[in-house]
Amino acid sequence: MSRPVLDVRDLKKIYGEGEATVHALRGVSLTVERGDYLAIMGSSGSGKSTLMNILGALDIPTSGTYRLDGVDVSKLADRQLALARNRLIGFIFQAFNLIPRTSAVANVELPLAYAGVKPKERRRRAMAALEVVGLADRARHEPNQLSGGQQQRVAVARALVTEPALLLADEPTGNLDSRSTADVLSVFDELNAAGRTIVLITHETEVGDRAKRLIRLVDGQIVHDVRQAPVGALAGRHAR
Amino acid sequence: MTFYEVVRFALRGLSANKLRSSLTMLGILIGVAAVILLVAVGNGSAQAISDRIEALGTNTITVMSTGRGGSSSTALTKDMADALVDPVLAPDVKSVSPVVSSSATVTYEGTDHDVSSFVGTTPGWFTASNTPVGSGSAFTADDEAQGRRVVVIGQTVAEELFPGVDPIDKQVTVGGALFTVIGVLDEKSSTGFQDANDTAVAPLSAVRQVLTGYGSLNSILVEAVTPDKVDAVQSEVSAVLNQKMDVADGATSTPYRIQNASQLLETQTETADTFTTLLGAVAAISLLVGGIGITNIMLVTVTERTREIGIRKALGAPRRTILTQFLIEATLLSVIGGALGVAAALIGSSFEIVGVKPVIVPSSVGLALGVSIAIGLFFGGLPASRAARLRPIDALRYE
Ligand SMILES: Nc1ncnc2c1ncn2[C@@H]1O[C@H](COP(=O)(O)OP(=O)(O)O)[C@@H](O)[C@H]1O
Ligand SMILES: [Mg+2]
């Protein structure tokens with residue numbers, strides 16, 4: 001079996017000190033295979049975002065180890081971390097987090113710029129990514145000129161433009177209507193079909209049902225871990 | 001990512017936030033321009049003062065009485081002035097000009113003009129006091145000896161009494177006597193409140209007869225042969241006068257006072273320097289206020305910027321790239337603002353400000369630019385460097 005993309009062991013995260021201490025994660029262990037499509041569900045405050053931020057190398061755990069593509073993330077220096085975030089991971093935030101007053105295409109180009117891609121090539125790939133999410137005609141629009149669903153699709157385009165092996169999405173459809181949700185999810189299905197590993201957080205059972213594997217978090221611990229389809233299978237209901 | 005691209009990122013960042021960028025630049029512009037201009041005004045007035053004193057002649061000394069008039073023992077007399085022309089006791093004296101002066105009303109064909117300084121003296125005064133005659137001629141020693149009623153008038157007097165008319169050979173009435181205008185003085189630059197061109201000069205004997213009477217002199221203008229002999233002349237004059245006025249050797253006070261133009265220059269320059277320093281302090285405060293304005297704008301945007309830095313880090317920007325971008329942004333803002341400020345000051349300095357022609361002090365340009373750039377760099381760079389050090393998630397959560 002090939003090396004897992006994600007491998008976390010006994011992850012704990014404690015926020016605050018003294019009386020205000022919050023145990024957001026109480027020992028999470030999880031392995032995600034290449035090409036898997038994992039949905040994380042759980043009630044609000046169960047630690048989903050905390051886990052996702054650690055997986056995205058945006059935060060560090062209080063204890064436990066995290067191996068990304070076999071590399072211990074806690075041992076990486078700033079530059080290597082930046083490289084990992086840039087090349088290996090595409091992160092989609094619930095709150096979109098586009099750069100304000102900057103056009104959609106410039107937002108999508110950003111990770112490529114940090115990857116050192118030349119401007120021409122950058123523009124071409126950014127436009128291609130926008131094409132994938134169906135927003136090529138909105139390339140020149142700034143975030144405040146786009147609807148929530150469009151902003152989220154720009155964020156998806158930005159996450160996949162570097163063609164990362166791993167796509168992490170924190171409630172990507174939480175702020176979207178059913179149409180936009182369907183749009184974004186079908187993009188995920190295509191990406192997974194193309195071999196990318198996807199981990200997403202969701203509240204909605206329909207979204208969770210599309211994934212190949214479903215994890216349920218309660219109070220910072222994994223209580224359910226169900227495989228719904230084999231890793232090699234095509235993702236999405238339409239495929240079944 | 002190449003440096004050139006980072007610069008482009010910085011430029012894009014600046015143009016994406018036009019209002020903020022222009023406000024920051026405006027703050028720096030005003031601060032820099034104010035410092036340079038205020039210091040230039042101070043410097044300009046100092047130069048004007050020293051120019052005027054130098055025009056007065058740095059190779060002369062002026063003897064004045066310290067008495068309150070009346071008392072004959074402290075009065076300066078024509079006799080004393082004559083005694084100063086002594087090749088043995090006062091070898092370094094080139095000329096001696098006794099001076100009386102008073103205000104007088106000059107009348108020409110029914111037009112009155114009050115001359116603030118109607119001077120009676122000897123012909124040597126014109127060169128000694130650096131007051132050349134422009135048109136016509138000065139009076140001669142013979143005019144003085146004969147007590148001829150001739151007068152050389154200043155520009156202001158000429159304009160007031162003879163608008164559009166050549167004043168030479170015209171007759172004016174002064175103190176009930178007729179004087180013939182024989183010359184007009186060159187225009188003198190006057191700073192301060194007194195008009196240096198509102199003057200008239202006539203032979204001592206005539207002025208005494210008509211205006212001031214034969215009492216004491218107002219002052220005696222003594223010219224040294226060369227500027228570096230001024231101190232020697234001063235002690236020679238003291239010696240002669242002490243003898244004449246019966247001042248005991250080593251007496252602490254004398255009935256006369258000697259004013260030395262170069263000493264005057266020194267004290268005046270000191271005063272002007274104080275003035276410049278004062279203006280500089282005001283300017284520094286305005287720079288500080290401008291700096292606080294810049295700081296304020298930069299700090300207000302820290303939240304937004306910190307979130308932006310969080311996003312950039314999450315997308316894989318290394319700390320160094322982020323730092324460089326934000327430092328370049330801050331540098332561009334302060335350098336462009338500073339350069340515009342210098343330009344504004346240069347333009348402003350070509351105009352007279354409160355009657356003073358500003359003279360730019362190069363070091364004030366450097367200082368103002370340096371301080372504003374430092375402030376811009378510090379308060380633009382510091383929050384950015386702090387944010388760049390944060391974990392992405394903390395930067396994203398920053399409030
Ligand atoms: N930065 C933080 N400081 C303190 N407590 C936090 C912080 N972030 C999350 N928490 C707490 O950790 C717990 C898990 O939060 P989170 O991972 O955001 O939950 P979820 O995404 O599942 O709703 C919650 O109780 C939350 O209040
Ligand atoms: Mg959450």
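Residue numbers start from 1 in every chain, and the chains themselves are labelled A, B, ... in the order their sequence lines are given, proteins ahead of strands.
Expressed to the nearest 0.5 Å, how far CG of A/D78 lies from CD1 of B/I322 amounts to 8.5 Å. B/T321 OG1 to A/R79 CZ: the interatomic distance, rounded to the nearest 0.5 Å, is 6.0 Å. Rounding to the nearest 0.5 Å places CZ of B/R397 at 10.0 Å from CG of A/L58. With values rounded to the nearest 0.5 angstrom, B/F9 atom CZ is found 5.0 Å from A/L110 atom CG. Note that the CG atom of A/D59 and the CG atom of B/D394 stand 6.0 Å from one another [nearest 0.5 Å].
The local environment of CD in A/E121 is crowded, with over 12 non-hydrogen atoms from other residues, nucleotides or ligands closer than 6.0 Å. In B/R320, the CZ atom is not crowded: 12 or fewer heavy atoms of neighbouring residues, nucleotides or ligands sit closer than 6.0 Å.
When side chains are defined from C-beta on, B/I311 does not count as touching A/F96, because their heavy atoms never get closer than 4.5 Å. Between A/L81 and B/R391 the shortest side-chain heavy-atom distance does not fall below 4.5 Å. In this structure, the side chains of B/R12 and A/I99 stay at 4.5 Å or more apart for every pair of heavy atoms. Contact check for B/L315 versus A/F91: no side-chain heavy atoms found under the 4.5 Å cut-off.
Only the side chain of A/R158 comes within contact range of chain B, with at least one heavy atom under 4.5 Å from a heavy atom of that chain. Neither the backbone nor the side chain of B/R389 comes within less than 4.5 Å of any heavy atom of chain A. Both the backbone and the side chain of A/I60 come within contact range of chain B, judged by heavy atoms closer than 4.5 Å. With a 4.5 angstrom heavy-atom cutoff, B/R312 touches chain A via backbone and side-chain atoms both.
For the residue pair B/E5 and A/V117, the shortest heavy atom distance occurs at OE2-O, 4.1 Å. Pairing each heavy atom of A/A57 with each of B/P392, the nearest pair is O-CG, 4.5 Å. Here the closest heavy-atom approach between residue B/A16 and residue A/R101 is recorded as O-CD, 2.9 Å. Nearest approach of B/A314 to A/R85, heavy atoms of both residues: O-CB, 3.7 Å.
At a cut-off of 3.5 Å, with distance as the only test, a side-chain donor of B/R307 or A/N97 sits close to an acceptor on the other residue.
Scanning residues 332-343 of chain B against chain A with a 4.5 Å non-hydrogen threshold yields no residues. By a heavy-atom distance cut of under 4.5 Å, not one residue of residues 18-39 of chain B is near chain A.
Under the rule for a side-chain contact (heavy atoms from CB on, under 4.5 Å), the partners of A/T62 that lie at least two apart in sequence or sit in another chain are A/K13, A/I14. Applying the side-chain contact (heavy atoms from CB on, under 4.5 Å) test to B/L327 and every residue at least two apart in sequence or in another chain returns B/L377.
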